[in-house]
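So the structure is just underneath, and the comments pick up after that.
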2 protein chains.
Amino acid sequence: MLWRKEEPEPRPGLSVGRIVRAAIELADAEGLEGLSMRKVADRLGFTTMSLYRHVPGRDQLVDLMRDEVMGEHPELPPEREGWRARLEAIARQAWEIRRRHPWLAEVRGTRHLPGPHGVAHYDAMLATLTGTALRPSEVVAAIGLLGRFVDAEALVLVETRREEQRSGVSEQEWWGARDSLYERLDQYPALSHLWESGAWDAPEDSFEFGLRRLLDGIEALIQERDETRDETCQECGKPLEPTAPSGRPRVYCSRACQQRAYRKRKDG
Amino acid sequence: MLWRKEEPEPRPGLSVGRIVRAAIELADAEGLEGLSMRKVADRLGFTTMSLYRHVPGRDQLVDLMRDEVMGEHPELPPEREGWRARLEAIARQAWEIRRRHPWLAEVRGTRHLPGPHGVAHYDAMLATLTGTALRPSEVVAAIGLLGRFVDAEALVLVETRREEQRSGVSEQEWWGARDSLYERLDQYPALSHLWESGAWDAPEDSFEFGLRRLLDGIEALIQERDETRDETCQECGKPLEPTAPSGRPRVYCSRACQQRAYRKRKDG
DNA sequence: CCAGTCTGTATATGCCGTACACCGAGTACT
DNA sequence: AGTACTCGGTGTACGGCATATACAGACTGG
């Protein structure tokens, strides 16, 4: 269903596409909490239960919404020099989508079948690091880490925004009004020292800061791996031909070795 | 209320402490979603509404629970050499608490008044970096980043665990059974290359991996700042006395300058 | 004795997702 | 032409949630 093709000639009445789009509008305005089958149906002028003729349930609707908005940036950012610039560009793209659709970061659960746009995104991120000296499992771990970082930052952003607009009080004002906190501050040396140093007067942009730290951390590992790059076949131990710059790192010396390793993994 | 003292002689009937403890047991077993006022009350043998005589509402109850469990590790990890070892130790402690009380990572919202244990933890984390060349705002940003990282990792952990025990199918099995995914794999070059390289056969431990990356990233910034360390008073520009190793970095040359800067910030 | 406070209770409102029974219109087949 | 069947939309209902409100008994201070 996620990989469905949009019906070419739109017929009157409900359709998956229309439901998904209405749901996205609603979630953009009210957040994932505010997304209910009743409200989606109202917005479309149908009864609640009519939606269930097209969509199995709320959870699957959210899956559809996710993949839909991930397709809003079909063009990947332009090719750039080096893994770092490329990865940074894609991370910013993901960040941009979450700024436009804050509810995206609020979706929970680990067993979401990815749709076409989601996989494409994931593949593009993985591609940025496959040319490096990182081991395959490290590529996957690094991309996962970066993805969770973007989601986590987006989550606090949407939460502060939502609480601000709900209460009409800005985050700064709210914390400023909590006098009781500052009375006890003296008991906490690091906290009060930083407070007096003005650490909270001009805070860092937390996405920019975190992104740089993460990329630095990944870069450190790449350098480490570069120094001890393994130049022998993972299967038979023979020396490998040198990898072309910015090409995939070679792991096996021949197709035969690759297939032997693949069968090994598959069987055991 | 968060800073309340436990009543010395326990009286029969309900009390904040008893409610909080019952709620923690419940959330440990069923997650934050499964925590409802009804169930807490049932567990204690009272009616739902009786709880509201002691606790303002569900949200505040969760705040109380948070601070309660943060107090389970009152002894901070032993003093270690260097900011990195100390910060790592505290991060692991936070991780440990979230493994014991997975719902902790599920708590959403940015305006939680911190309780005594929460502030103590935060102060301890900040303290690890105040001896470094980082600027105050960078210390705060780095600690925030690390905190969100721990929460994000804990969140996916609890989500997979919960889905596994709910469905009885392990995460690996579940993804393995999604044949439809692997059919399309060929269209995604990086993904299929990594798949064939066995990147998912022996995945990295995502907490360990991420923690190292983050600490490396922070270390990179510290080195950068170390090289260009500012050795003049932030207020009057006079040269500073050298900072004692592992002491707080000096920012002002005298108490007078510090107070002048403080008043400036406060007024404008 | 009585007013007031403190605790626990009972009932009710308004959300939510969705199971189930129904119904009219079209459609495919005999 | 008649009939069975499917499709899309409807209406009602259930069980779960947080919590507002009104109330009832017990204890306490004057």
Side-chain angles (χ1 to χ4, degrees), chain A residues 1 4 6-7 9-24 26-27 29-66 103 106-109 111-112 162-163 166-167, chain B residues 1 4 7-23 26-27 29-65 103 106-109 111-112 162-163 166-167:
Chain A
M1 155 149 276
R4 96 210 111 90
E6 194 68 27
E7 55 271 24
E9 37 138 350
R11 294 187 296 162
L14 282 173
S15 75
V16 178
R18 270 192 268 267
I19 293 175
V20 170
R21 280 189 293 276
I24 290 174
L26 213 167
E30 305 195 26
L32 204 61
E33 289 263 300
L35 175 78
S36 77
M37 300 302 266
R38 279 167 170 68
K39 289 192 206 158
V40 174
D42 281 356
R43 178 174 285 250
L44 289 163
F46 290 87
T47 58
T48 311
M49 292 311 292
S50 65
L51 304 183
Y52 287 87
R53 293 285 170 210
H54 304 264
V55 163
R58 196 191 115 114
D59 288 356
Q60 290 85 342
L61 174 56
V62 173
D63 283 347
L64 290 167
M65 293 162 61
R66 266 161 52 100
W103 48 268
E106 301 181 273
V107 180
R108 298 267 58 94
R111 292 184 186 178
H112 298 287
R162 192 115 54 222
E163 299 207 65
R166 192 168 46 76
S167 66
Chain B
M1 156 149 279
R4 94 210 113 90
E7 56 272 25
E9 37 138 351
R11 293 186 298 160
L14 283 173
S15 76
V16 178
R18 269 192 268 268
I19 293 175
V20 170
R21 280 188 294 274
L26 213 166
E30 305 194 25
L32 204 61
E33 290 263 297
L35 175 79
S36 76
M37 300 301 265
R38 281 180 188 14
K39 290 192 206 157
V40 175
D42 282 356
R43 178 174 284 250
L44 290 164
F46 291 85
T47 59
T48 310
M49 293 311 293
S50 66
L51 305 182
Y52 288 87
R53 290 286 168 210
H54 303 266
V55 161
R58 196 192 115 113
D59 288 356
Q60 291 83 343
L61 173 56
V62 172
D63 283 347
L64 290 166
M65 293 163 61
W103 49 267
E106 302 182 273
V107 180
R108 299 266 58 95
R111 292 186 185 177
H112 298 286
R162 193 112 57 218
E163 299 208 63
R166 191 167 48 77
S167 67

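Remember, it's a predicted structure, so these values are computed and weren't measured experimentally. By convention in this document, chain letters (A, B, ...) are assigned in the order of the sequence lines, proteins followed by strands, and residues within each chain are numbered from 1.
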**Report entry** From D:dT10, C:dC16, C:dT9, nucleotide with atom closest to A:Thr47 side chain
**Finding:** D:dT10

**Report entry** Value in whole Å for how far the P atom of D:dT10 lies from CZ of A:Arg53
**Finding:** 11 Å

Query raised in the report: Checking only heavy atoms, does the side chain of A:Arg38 share a donor-acceptor pair with the base of C:dG17 at less than 3.5 Å?
Result: yes

Report task. Starting from C1' on C:dT18, measure out to CD on A:Gln60 and report it in whole angstrom. Result -> 12 Å

Query raised in the report: For A:Leu35, which contact category applies under a 4.0 Å heavy-atom criterion: base, sugar-phosphate, or nothing?
Result: sugar-phosphate

Query raised in the report: Expressed in angstrom and rounded to an integer, what is the separation of A:Asp42 atom CG from D:dG9 atom C1'?
Result: 15 Å

Report task. Quick one: pull up CZ in A:Arg38 and OG1 in A:Thr48 and give me the separation to the nearest 0.5 Å. Result -> 5.5 Å

Report summary line: In this structure, CE of B:Met65 is separated from CG of B:Leu26 (nearest 0.5 Å) by 8.0 Å

Report task. Would you mind checking if A:Arg108 and B:Glu33 are paired as a salt bridge, meaning a charged N to carboxylate O distance below 4.0 Å? Result -> no

Report summary line: From the candidates C:dC16, D:dA18, C:dT9, the one with an atom nearest any side-chain atom of A:Ser36 is C:dC16

Query raised in the report: Starting at CZ of B:Phe46 and ending at C1' of C:dC6, how long is that distance when rounded to a whole Å?
Result: 14 Å

Query raised in the report: In whole Å, what is the span from the CD atom of B:Glu33 to the P atom of C:dG17?
Result: 12 Å

Requested in this report: Establish, with yes or no, whether the OP1 or OP2 oxygen of C:dG8 is under 4.0 angstrom from a side-chain nitrogen or oxygen of B:His54.
Outcome: yes

Query raised in the report: Quick one: B:Tyr52 OH to D:dA22 C1', roughly how many Å, whole number?
Result: 17 Å

Query raised in the report: So, for A:Ser167 and B:Arg111, which heavy atoms are closest and what is the spacing to 0.1 Å?
Result: OG-NH1, 3.0 Å

Query raised in the report: In whole angstroms, how far is the P atom of D:dA18 from the CG atom of B:Leu32?
Result: 11 Å

Requested in this report: Evaluate the side-chain proximity of A:Leu14 to A:Phe46: yes if any heavy-atom separation is below 4.5 Å, no if none is.
Outcome: yes

Query raised in the report: Starting at CZ of A:Arg18 and ending at C1' of D:dG9, how long is that distance when rounded to a whole Å?
Result: 14 Å

**Report entry** Sugar-phosphate only, base, or nothing, as touched by A:Met49 at under 4.0 Å among non-hydrogen atoms
**Finding:** base

